[in-house]
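One structure is given here, and the rest of the page talks about it.
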Amino acid sequence: MSALTVKLKIDNIEVEVPEGTTILKAARDNGIEIPTLCSLEGLTNYGGCRLCLVEVKGAPKLFPACTTPVSAGMEVITNSEQLREYRKMTIQLLLSERTHVCSVCVANDHCELQSLANKLGVDHSIFERNWTRKEIDSSHDFLVIDRNRCILCTRCIRVCDEIEGVHTLDLKQRGRKAEVIMDLDEDWVNSCSCTSCRKCAKVCPVGAIYIEGEPITRTKNKDVAEFILTRRQRK
Amino acid sequence: MSAQEKTRVATIWLSGCSGCHMSFLDQDELILDLAKKIQVVYGPLVDTKAFPENVDVTLIEGAVANEEQQSLLKEARAKTKILISLGDCAVTGNVPALRNAWEDSAKLVLERGYIENADVNKQIPTEVPGLLEKVRPLHEVVKVDYFIPGCPPSASVINYVLTELLAGRTPNMEGRSKYG
Amino acid sequence: MKLADLQKIAEQEVDFQRAYKYRINVCCSSGCMPLGALKVLEAFEKAVKEFGVEKECKVARTGCPGTCSVGPVVVVEPGDYLYQNVTPEKAREIVRDHIVLGLPAKDLLYSNEQFFKKQKRLVLRNAGKIDPYRIQDYIAMGGYSALVKCLATMTPQGVIYEVMTSGLRGRGGAGFPTGQKWSLVARAHGSPKYIVANLDEGDPGVFANRTLAEADPHAILEGMAIAAFAVGAEKGYIYIRAEYPLAIQTLQRAITQARSMSLLGNNILETSFKFDVELRLGAGAFVAGEETAILASVEGRRAMPRPRPPYPANSGLWGKPTLIQNVETLANIPLIIMNGGLWFSKIGTPKCTGTKCFSLTGKVNTPGLIEVPMGITLREVIFDIGGGVQKDRKFKAVLVGGPSGGCIPETHIDQPIDYESLKNLGAIMGSGGIVVLDDQSCMVDTAKFFTEFCVDESCGKCTPCRVGLTKIKGIYDAITQGNGRMEDITVLEKTSVYIRDASLCGLGQTAPNPVLTTLRYFKDEYIQHIKDKKCPAGRCFKTKEGEQ
Amino acid sequence: MSKEDNRRMLLEKALKEYDFQASALLEILHKAQSIYGYLSKDLLMDIAQSLHLPPSTVFGVATFYSFFNLTKPGEHIVTGCLGTACYVKGSEQIMQAIEREFNVKRGGTTADGKLSLFVTRCIGACALSPAIIVDDEVIGKATKEVVIERIKQLLGGSNQ
């Protein structure tokens, strides 16, 4: 493809990327890491978690790197003092929204939220934790959802709709009451549309959806969406 | 170095599994260096009965779950220069705080422990410290200066934090803290 | 229908109306209906017959003149005599004294002259004067002639030029220049193009758009049609709250009438211009007023905003260029076309032209719907138009801009109202809610109330708004129950600034305004709550059961 | 024709009016709620199939908007406005009084199914604040005495 390219600066490094590329991709392709949670290569971008917020010189507001396309001459800052502070706040809020206890979580050591907390130096939360007690749905043969650990990134919903193509999963309610549901808020075993494809468990960044009896190292393969999408497009 | 010149360190074990203390002891040969610079003046590792005055550093493991722990924590805060939350229970509440998800959890826990699951003598004891309605991490009760998360925190991180503090530097937890 | 036909209708209607010496306008909008407006209307119709004056006195069902606190209200023309608290019995009296004897019933007249003196009614030009169910009434007042002017004598670029010259800015809150927006949509690639008129007035305490739709629906439709002509759109949606049944019904009738007179549909006024309008009902979600959320809702989805870019002007409904405009903005358009952008630009202030409708409520003597020129001060609005604080209590603060507005203390109410000065004070224009608080209101409780509102209305998509606001609410609960800590003030500040900067959409970005402004202007009250466990207004620290 | 058939026909008519377009989901839900009184799971599944939408999407939309009821409401419905103007004028106190008097929580229905109590954020009757809606009748400048009296009248009426 002979697509047009754009020149811009990310953290003072001059980069050149195809037109329409997102800031996130432009940065990653040039070895600049921006933390993300809801974004996943191969799925449409959501822009919800706000971890990938970056500064653009001359703009009064912050932009999510995952959804904002680059433009010529743009000067992006990905790692200012303020951004680091805001990312810590975001992680603290997610950690204190529901019951996140790493030591007893199935995803311990394989959790993106946990690893980001560690990486960003979130050594405690200024917010009082909200200890939730939502029913765990283990009715399915091997898929389990523990909504106490869900961070509402909607990766599972998007992979179910965009890659598997059944849209079993969606969100119910809104705001802090929002939950991931199957069909008409059924127990998983009663979902008429679920194909038990396991993709939701594979893309879940935390321990909210997992596979009973399977080692977590095998389940948490978040490249699955990109892999399948690439295969499909090649076809 | 005489005992007077050594940094006075205390450790406290609140609601936790003692794993953090184990990890503290697990510093291998590094603890020998540390031992030259510090004197442990209070804690499960030593015999002192009352929390002493003029403590330089206090490491506290565990969450605050009952009245006795709450008052000990407050006392320690008042008598310590630098107070450190050691481990996930102290930093987040962790497993001991899981009961917070229930309303009236103190009562439920006691009933579960002393009545439902007891074989004989089913009664809730009265001579032990009363449980708090909510189990809290330390910093929700007193001001905490440094946090070392982990379940348990690794010996090397504990050593890093203490070494930095002894050298008069501020530890940087970015990339070092580790929940779970 | 052609231009000549329109003029003929207007002339006929004017003649028809001139045949009457008097006209009694009975407000039948949502404000007066619960107070028995329909019975009053009936009573007037009966009374004019009883006194045999039905040939010289027309009784009309109209929209709202704005004085909702003293409804049912009735206006007798000529002379604009406004009667307040009219009952069926009083209706008979009014007909007897005013119409038959020619002596206005003085003791029944509305007393606050100030209420109208400082107002300037452009958007609400016809409110309370015409029958919203009759398109002829609107045409007789010059309605749809602006559309005719556009189609007959102007190019789309010419229309946009006039709107740009007028300096009109979006009345939905942020104040984006309307002309600029139109030109973006006009230049955007893709077809068909859409228009969405925003009537999802979700701000509690605001009812300007509803009043407009109930009183003068065709002004909205005409504005939409002109906008469609300017940007090249073929289809428009009016997104309206389901909580406004009367406005929905009024608009639906208006659309049907406009279609039947070929003012909407294919070949409008016998030109090749085609444009049609459909209603879309909201369903109780404040966030749906946000411009990307409204698109999701019109498409039948959860009203969750999405990041911009892409902007709706390029990629809106079903990915097509879409113009989203508040109905108040649209209702200004016919006037700008008829009188020229230059005329409009001289009203208000140079940077902030025109007028703004405000819903004036709370502890003020004469609440109601008002329209004032931009640049008027809050003091004039509260003390002149609103007649001051109820029961002569002490003024404490005024909340401007709805649940995500700001609490402004007395020291700052002499600033002229425009988008920028309100922003500097920590408030927003929002959809124009002004709530007056007296010394019985607790500022901590007020900020808590708004935070609760935003927590309930957050869509849940982004972390700062969904979780951050919930945490702020938790801190308020602690403070108002006597469990506050001094550190809480810092956490409130820090978290609010973070939510403002990091949230995805306008709801989250403005939701901390009440927190930040009360912390800025009323910090003492927070300290009193935390340190002394005292609420100066006596609203907090109550047990669940007891009221006092 | 039974009542049930009649309702389904009305819904079918609405579906046809909107040409079975997925984008008309909100309109259809409004229609369905006005025909059936509330949105049962069966009804939502029916709508999902008619509009060719995933059931989870329909459920997600129906629960996102607070206007839709997924449970059967009581015979009489009281809705309190907790908009700013009404709150400032004390509607919260009236709501609490209703909750106490009739032993019902907001969002819920009394045990006998006679009375449901809902909350709305502004009906735009701010100049009449506080406003409480009792079965489609807006009581403006309400006091708890007047409202409770009115509800008692209604409840008494339905017994006879």
Side-chain angles (χ1 to χ4, degrees), chain A residues 33 35 79-81 83-89 91-136 146-151 205-207 216-217 220, chain B residues 16-17 19-20 23 60 62-64 83-105 108 133-154 157-158 160-161 170-180:
Chain A
E33 204 36 58
N79 205 14
S80 67
E81 185 65 37
L83 289 174
R84 280 205 297 275
E85 197 47 45
Y86 283 0
R87 282 172 194 152
K88 280 185 172 182
M89 289 282 267
I91 297 286
Q92 288 181 38
L93 286 171
L94 288 174
L95 283 174
S96 57
E97 184 183 16
R98 295 181 180 187
T99 307
H100 293 281
V101 179
C102 300
S103 52
V104 293
C105 176
V106 63
N108 192 8
D109 282 345
H110 300 277
C111 168
E112 293 177 44
L113 177 62
Q114 180 189 26
S115 93
L116 278 171
N118 296 339
K119 203 161 30 187
L120 300 173
V122 180
D123 56 11
H124 74 293
S125 166
I126 57 170
F127 304 106
E128 194 176 316
R129 286 182 171 232
N130 181 29
W131 300 88
T132 53
R133 192 159 53 90
K134 300 173 195 290
E135 200 76 27
I136 297 170
D146 181 353
R147 295 181 175 90
N148 296 298
R149 296 176 183 152
C150 177
I151 56 167
V206 292
I216 195 75
T217 43
K220 296 291 170 194
Chain B
C17 69
C20 301
S23 205
I60 305 181
V64 189
L83 192 127
I84 301 175
S85 284
L86 180 66
D88 278 358
C89 295
V91 173
T92 74
N94 206 22
V95 175
L98 281 171
R99 75 160 155 100
N100 291 352
W102 279 263
E103 249 177 63
D104 223 358
S105 69
L108 284 175
E133 198 36 60
K134 277 212 152 133
V135 180
R136 297 194 179 277
L138 307 189
H139 63 275
E140 285 178 19
V141 182
V142 296
K143 184 179 178 295
V144 172
D145 302 301
Y146 296 100
F147 300 85
I148 312 178
C151 189
S154 75
V157 174
I158 299 176
Y160 163 76
V161 172
T170 303
N172 173 11
M173 297 309 285
E174 233 163 276
R176 284 200 179 81
S177 65
K178 189 214 157 286
Y179 288 100

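Chain letters run A, B, ... following the sequence lines, proteins first, then strands; residues in each count from 1. In this text the structure is predicted, and so the values were computed from the model without any measurement. Below, all heavy atoms of this structure are taken into account, side chains as well, without hydrogens, waters or symmetry copies.
- Using a 4.5 Å cut-off between heavy atoms, B/R99 makes no contact with chain A at all.
- Within the 6.0 Å centre-distance limit, the rings of B/F147 and B/H139 are counted as a close aromatic pair.
- The side chain to side chain contact (heavy atoms under 4.5 Å, CB included) test with A/L113 singles out one residue from A/I91, A/V122, A/N118, and that residue is A/I91.
- Contact record, A/D123 with B/V91: O-CG1, 3.1 Å, taken as the closest heavy-atom pair.
- Residue B/I148 does not touch chain A at all, counting heavy-atom pairs closer than 4.5 Å.
- Chosen from B/P149, B/C151, B/A97, the residue pairing most often with chain A at heavy-atom distances under 4.5 Å is B/A97.
- Proximity to chain B (any heavy atom under 4.5 Å) is restricted, for A/S125, to the backbone atoms N, CA, C and O.
- With contacts defined as side-chain heavy-atom distances shorter than 4.5 Å, the pair A/R129/B/N100 does not qualify.
- For A/K119, the NZ atom sits in a loose shell: 12 or fewer heavy atoms of surrounding residues, nucleotides or ligands are nearer than 6.0 Å.
- Only the side chain of A/D109 comes within contact range of chain B, with at least one heavy atom under 4.5 Å from a heavy atom of that chain.
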